[in-house]
Amino acid sequence: MNTLAIIGAQWGDEGKGKITDYLAKQADYVVRYQGGNNAGHTIKFGGKTHALHLVPSGIFQADTKNILANGMVIDPVALCDELALIESHGFSTDTLHLSDRAHIVMPYHRSLDGMYESFKKEKVGTTAKGIGPAYSDKTLRRSVRVHTYIDETRLRLHLKENLPHVNALLKQHGFKSYDVETLIEESRPGRERLKSYVSDTSLILNEALNEHRTVLFEGAQGTMLCMDHGTYPFVTASSPTAAGIPLGAGVPPRSINRVLGIVKAYTTRVGGGPFPTEIEGDTANTIRKRGNEYGTTTGRPRRIGWLDAVQLKHSCRVNGFTGIALTLFDVLSSLDSLKIATAYSLDGKTIRSMPADPADLARVIPIYETLPGFKDDISKVRSFSDLPKDAKTYIEKIEALLDVPVQIFSVGPSREETVVRANPYKTGGDGND
Ligand code: IMP
């Protein structure tokens with residue numbers, strides 16, 4: 001078997017889209033297995049920028065099949081818009097398969113998202129795309145799955161039974177309610193458009209695995225936004241970790257050979273919640289500007305911080321990274337010094353793992369190791385040996401702290417600005433081959 005998982009190691013926005021796009025040329029299948037259009041993947045090539053929210057980053061490779069698997073929540077309007085945009089750029093969407101078991105984000109989920117946020121004193125700062133409420137309805141067993149959505153009779157029956165409960169809740173809190181026939185009417189063009197993509201994607205993927213095809217699993221968001229292993233409750237409503245793959249794609253756990261952790265060379269976060277190494281002021285502003293750290297989905301300025309090895313070790317532990325891709329490395333050039341948190345201090349005690357309580361995590365004081373910065377522009381560098389000495393030291397420090405090899409580093413947003421030191425499909429860990 002030849003599979004690779006691409007997993008965000010921090011709070012999302014690590015540059016997974018760029019790395020997936022780069023590695024997709026070796027893949028027969030690229031699979032999204034969790035999340036929805038809360039994700040935003042920016043890919044640059046041929047002088048153009050492409051922003052994807054739902055469609056896997058393999059869509060720009062002619063021979064790669066792209067799967068939206070059962071663990072996702074799909075906003076059909078957003079998906080239709082994205083497909084139209086991709087086609088308008090001259091790319092085919094015929095390589096796409098949408099799981100019949102994925103769940104649908106209905107228009108009322110966006111209203112519920114706003115409503116639940118309005119109840120909270122400390123805001124999660126969701127993307128307001130209805131993701132949390134769609135997953136909540138899945139858990140409450142009243143969600144619309146794709147197979148129901150595309151069948152008008154079944155959709156009507158489902159809505160007649162379930163919409164009154166949603167409406168009661170919305171009305172009670174002063175939000176507008178929804179009408180079954182209006183929802184049916186408004187969804188008709190989307191339902192017609194999406195029908196041809198609907199498949200049993202678990203079946204497709206298991207056949208691909210049996211035929212020894214190369215499969216790339218593309219995680220959205222990041223490990224620290226995981227429901228179970230992230231900074232709960234300031235998380236998304238799915239599991240962006242490697243553990244989310246078997247469940248979200250309908251493949252056996254043993255089919256995951258290698259796991260590439262995508263680590264931004266510094267840390268960012270959007271939305272609320274604790275962020276131990278967060279910084280403000282000139283350095284943060286320089287990094288935000290150089291890294292264009294504004295949300296792809298919401299346009300919000302991202303919070304900026306130093307690299308956090310305590311947080312990254314947590315990520316390594318829950319995902320079992322066999323390699324790391326270090327992204328946005330070029331953004332750090334010109335800074336006088338670089339800091340990496342190697343431990344935290346909490347109430348005078350040194351701790352080396354993340355406390356569970358967000359209030360405690362918000363109080364920790366990072367203990368930093370300071371490294372020299374590198375002044376040179378590294379965007380033209382195409383091999384590790386060509387990096388300035390202090391840039392090499394930064395990479396070697398990360399490898400030593402995490403005990404995982406940095407297999408790829410990225411020195412700019414384009415495909416060409418990617419340096420591969422070792423093929424992540426073939427090296428790292430025991431690979432479970
Ligand atoms: P939700 O996923 O819209 O429910 O948002 C929950 C939290 O996850 C918020 O803090 C969002 O800012 C964050 N989030 C969701 N998707 C992404 C992403 O793709 N990148 C970074 N943060 C995200």
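Note that these values count all heavy atoms, side chains included, but never hydrogens, waters or copies made by symmetry. All ligand and atom numbering here is 1-based and tracks the order in the structure.
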* Arg141 side chain to Thr139 main-chain N or O, any donor-acceptor pair under 3.5 Å? -> yes

* Asked: Counting N and O atoms only, with roles assigned by atom type, does the side chain of Gln407 sit under 3.5 Å from a partner on the main chain of Ala325, one being a donor and the other an acceptor?
  -> no

Pairs of nitrogen or oxygen atoms, one from ligand 1 and one from the protein, closer than 3.5 Å: please tabulate them with distances.
{"residue": "ligand 1", "atom": "2 (O)", "partner": "Asn38", "partner atom": "ND2", "Å": "2.8"}
{"residue": "ligand 1", "atom": "2 (O)", "partner": "Thr236", "partner atom": "OG1", "Å": "2.5"}
{"residue": "ligand 1", "atom": "3 (O)", "partner": "Thr127", "partner atom": "N", "Å": "2.8"}
{"residue": "ligand 1", "atom": "3 (O)", "partner": "Thr127", "partner atom": "OG1", "Å": "2.6"}
{"residue": "ligand 1", "atom": "10 (O)", "partner": "Val124", "partner atom": "O", "Å": "3.2"}
{"residue": "ligand 1", "atom": "10 (O)", "partner": "Val270", "partner atom": "O", "Å": "3.3"}
{"residue": "ligand 1", "atom": "12 (O)", "partner": "Gly125", "partner atom": "O", "Å": "3.3"}
{"residue": "ligand 1", "atom": "12 (O)", "partner": "Val270", "partner atom": "O", "Å": "3.2"}
{"residue": "ligand 1", "atom": "12 (O)", "partner": "Arg300", "partner atom": "NH2", "Å": "3.1"}
{"residue": "ligand 1", "atom": "16 (N)", "partner": "Asn38", "partner atom": "O", "Å": "3.4"}
{"residue": "ligand 1", "atom": "16 (N)", "partner": "Gln221", "partner atom": "NE2", "Å": "3.3"}
{"residue": "ligand 1", "atom": "19 (O)", "partner": "Asn38", "partner atom": "O", "Å": "3.4"}
{"residue": "ligand 1", "atom": "20 (N)", "partner": "Asp13", "partner atom": "OD1", "Å": "3.0"}
{"residue": "ligand 1", "atom": "20 (N)", "partner": "Asp13", "partner atom": "OD2", "Å": "3.4"}

* Asked: Would you say the ring centroid of Phe275 lies under 6.0 angstrom from that of Phe234?
  -> no

* Approximate separation, where rounding is to 0.5 Å, of Arg288 CZ and Arg303 CZ -> 10.5 Å

Let me have the donor-acceptor pairs involving side chains of residues 165-173, under 3.5 Å, with sequence neighbours excluded, atom names and distances please.
{"residue": "Asn167", "atom": "OD1", "partner": "Tyr178", "partner atom": "N", "Å": "2.7"}
{"residue": "Asn167", "atom": "ND2", "partner": "Tyr178", "partner atom": "O", "Å": "2.7"}

* Asked: Are Met224 and Met354 close enough that some pair of their side-chain heavy atoms sits under 4.5 Å apart?
  -> yes

